[in-house]
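Below: one structure, written as structure tokens.
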Amino acid sequence: SCVRVRRSMLPASPSMSGDVGRSMSRWLGLLCIASGCWSGLAAERKDLDLLCWDRGVFGNHSDAFMCNQIRRSIANVGDSGRLRRVLAKLDRQQCITVIGFGGSVTCGGEQGQRVKQPWTILLEKWLNTRYQCKEKVGHRVLNKCMHGMGSNFFANEIAKWKFEPAHWLHSADLVVLEFAVNDVDSGLQSYSEFKKQGLSIDGKVEYWTEALVRQLLTLPSQPALLWLEMAFKDWQEAARPPYHHDAIFAHLTILQYYDVPQLSVLNALQPLTSLKQRQWLKSTYFADAHHPTQLGHMMAAQVVGFWLKEEEFWSEHDAEEGSAAGPSTQESLPLPLVLPQDVADSFALSHITSIDLRNGTLAQPWILQGNFSEDWDFGEDVPGKPGLISTKVGARLVVKVPITKSPLKSRTVNVGLLKSYANMGIVSISLVGPPQQQSCNAAAFVEGHTKTLGTLKVDCMWSAKASVYDVVPLQLKWQHLTCVWIVFEVLPSTPPRSTNKVKLIDINVL
């Protein structure tokens, strides 16, 4: 059926040679034509101008998408069952809510260089132009970006939000996620915990992508999901093959497994083997190394609009043809692909305990020890990016973390901190528990009635020219504990560094 045949047009894997990839594309094209799915359909499409570049919404641009470009943007068709519920609402002229998650790219760029209208605003404009809505509020696209944050941050946040019935997350009909740059940056280094689990660099990206996908798929509201890949790195004139660096293929591994759609502006802009094309990226698509220009955000919004119109067309076509192969939405999740089963269980079953170290009022009740006159400070090293910061070697901080009861044999403690390429230090992170089932009172800790459960040394400086949130996962195996202390200590480096900044963001216990 057409439902199945159109899903066969998958991108070649990174290891597939160009000739093999082109050969497969030709054979798949012949397969589609032979099946009759494409026979005569071009004549039925009266909306090609709107599909490829909607001038009524985005205006006239000499660099606008051509039809032979934008059709390449659907990297993974995925399961359309959830989306068809969204399309049914649009057909009934009901308003929909879209939530966009992402980093600084979705925010529109860094402070002082932001575009006036990020893709979320443009997509909302497009929806309200192309689909009438009976309610006065209109279709809404909520921008929930966080600078420097990727899948790892939002996986922990959604683990908390999903248990809050009144949270705005549950209002979403469609959730769009954009993490191609921040995820690849956070995947550059593998901590010992990831190495123990046998995960590669891509494996770290897949780890957090899978944690995020599994939680979104199990939301009671059952929103449609879409991964939007609109930014990438290392495309400049002096770049080396493959002329881009991103988390797109690492995402795809998980998205194919869970049958989640993926759109890629990178696919639409290929081939990057052309120096002229990379020069065009510099002059037209990117404002800097990885933040798109206003035109780039228009292109991203148009790619999502193209996808919605394509899915609408196929939905109507399948209904007319009486296709027997309907949506294949799964009722339950499959076994995890990359996540260890105990970690997957933690995300699924645990009511998360979260301590926000960006806010002194919220964090202070949990801090047992810490010199805030000389060693630690709640503040912003960069405007709009708060955290708990120390630059002093030897600075020590003790945080009490409650552990809720759970049937799980092990728990996951995720420590969020800043990784950057300059002025950063090394921090020791230790899990310390009280003996037997005693509480984590100050006297017990001061008197040394404790047991160290594990220690990890983390270098907060890396080679990537990016400053992003990263997560240190620690496994807690003791079931009887009702609390633990987390001890942070800024360590000296060898050779010594002029600045030893450690910036803590949050602690989440699953």
Side-chain angles (χ1 to χ4, degrees), residues 3-4 6-16 21 28 71-84 86 98-103 105-106 150-155 158 172 174-184 186-187 199-219 222-232 244-268 270 300 303-304 306-308 310-311 314 327-330 332-339 344 347:
V3 172
R4 288 175 176 155
R6 70 190 186 93
R7 288 159 59 98
S8 66
M9 298 185 65
L10 300 177
S13 70
S15 60
M16 187 178 293
L28 288 171
R71 68 187 181 88
R72 294 152 57 113
S73 64
I74 301 180
N76 191 49
V77 173
D79 174 28
S80 60
R82 292 183 177 218
L83 182 62
R84 292 192 179 189
V86 179
V98 181
I99 294 178
F101 290 116
V105 170
T106 288
S151 297
N152 49 13
F153 175 79
F154 286 102
I158 289 172
L174 170 63
V175 177
V176 184
L177 305 104
E178 173 279 310
F179 299 122
V181 171
N182 285 351
D183 277 4
V184 77
S186 69
L199 296 178
S200 64
I201 289 176
D202 276 354
K204 187 176 178 184
V205 177
E206 292 161 0
Y207 177 103
W208 291 112
T209 303
E210 184 168 31
L212 187 53
V213 167
R214 290 179 72 89
Q215 292 184 89
L216 290 170
L217 286 176
T218 53
L219 289 176
Q222 295 189 319
L225 306 183
L226 171 66
W227 251 248
L228 174 62
E229 318 284 11
M230 60 177 288
F232 42 94
H244 64 93
H245 184 213
D246 46 69
I248 295 174
F249 274 110
H251 289 163
L252 181 61
T253 300
I254 300 300
L255 300 180
Q256 285 182 334
Y257 183 70
Y258 288 94
D259 218 8
V260 174
Q262 181 190 43
L263 303 182
S264 172
V265 178
L266 170 63
N267 280 12
Q270 293 277 24
V303 161
V304 179
F306 171 79
W307 172 68
L308 287 169
E310 277 288 285
E311 289 295 332
W314 286 107
S328 58
T329 302
Q330 297 176 354
S332 60
L333 292 178
L335 292 172
L337 181 65
V338 172
L339 282 178
F347 275 108

State, yes or no, whether a side-chain contact exists between [X] and [Y] at a heavy-atom distance under 4.5 Å.
X: Phe306; Y: Leu263; result: no
X: Leu226; Y: Val175; result: no
X: Ile254; Y: Val338; result: yes

Do the side chain of [X] and the main chain of [Y] share a donor and acceptor less than 3.5 angstrom apart?
X: Arg82; Y: Leu174; value: no
X: Asn76; Y: Val260; value: yes
X: Gln262; Y: Trp227; value: no
X: Gln222; Y: Thr218; value: no

Set of residues satisfying side-chain hydrogen bond (donor to acceptor under 3.5 Å, both in side chains) with respect to Thr209, sequence neighbours excluded: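 Partners of Thr209 by the side-chain hydrogen bond (donor to acceptor under 3.5 Å, both in side chains) criterion come out as none, since no residue qualifies.
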Using the test side chain to side chain contact (heavy atoms under 4.5 Å, CB included), find all partners of Glu178 that sit at least two apart in sequence or belong to another chain.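 Here the qualifying residues are Val105, Thr106, Met230.
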Would you please name every residue forming a side chain to side chain contact (heavy atoms under 4.5 Å, CB included) with Ala344, sequence neighbours left out?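 Partners of Ala344 by the side chain to side chain contact (heavy atoms under 4.5 Å, CB included) criterion, ordered by chain and then number, come out as Arg214, Pro336, Leu339, Gln341.
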Under the ring pair (Phe, Tyr, Trp, His ring centres under 6.0 Å) rule, collect the residues that match up with Phe154, sequence neighbours excluded.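 For Phe154 the ring pair (Phe, Tyr, Trp, His ring centres under 6.0 Å) partners, ignoring immediate neighbours, are Phe101, Phe179.
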I would like to know whether Asn182 and Phe153 meet side-chain contact (heavy atoms from CB on, under 4.5 Å); could you show each step before the answer? CA-CA 10 Å; Asn182 285 351; Phe153 175 79; over 6 Å; no
Any side-chain donor paired with an acceptor under 3.5 Å for Asn267 and Ser73?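 No, Ser73 and Asn267 have no side-chain donor paired with an acceptor closer than 3.5 Å.
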Is a side-chain donor-acceptor pair under 3.5 Å present for Glu210 with Tyr257?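 No.
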Do you know which two heavy atoms are closest between Ala231 and Ala180, and how far apart they sit?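 Of all heavy-atom pairs spanning Ala231 and Ala180, the closest is O-CB, 3.3 Å.
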Tell me the closest heavy-atom pair linking Glu206 and Ala250, and the distance in Å.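 Taking every non-hydrogen atom into account, CG-O, 3.4 Å.
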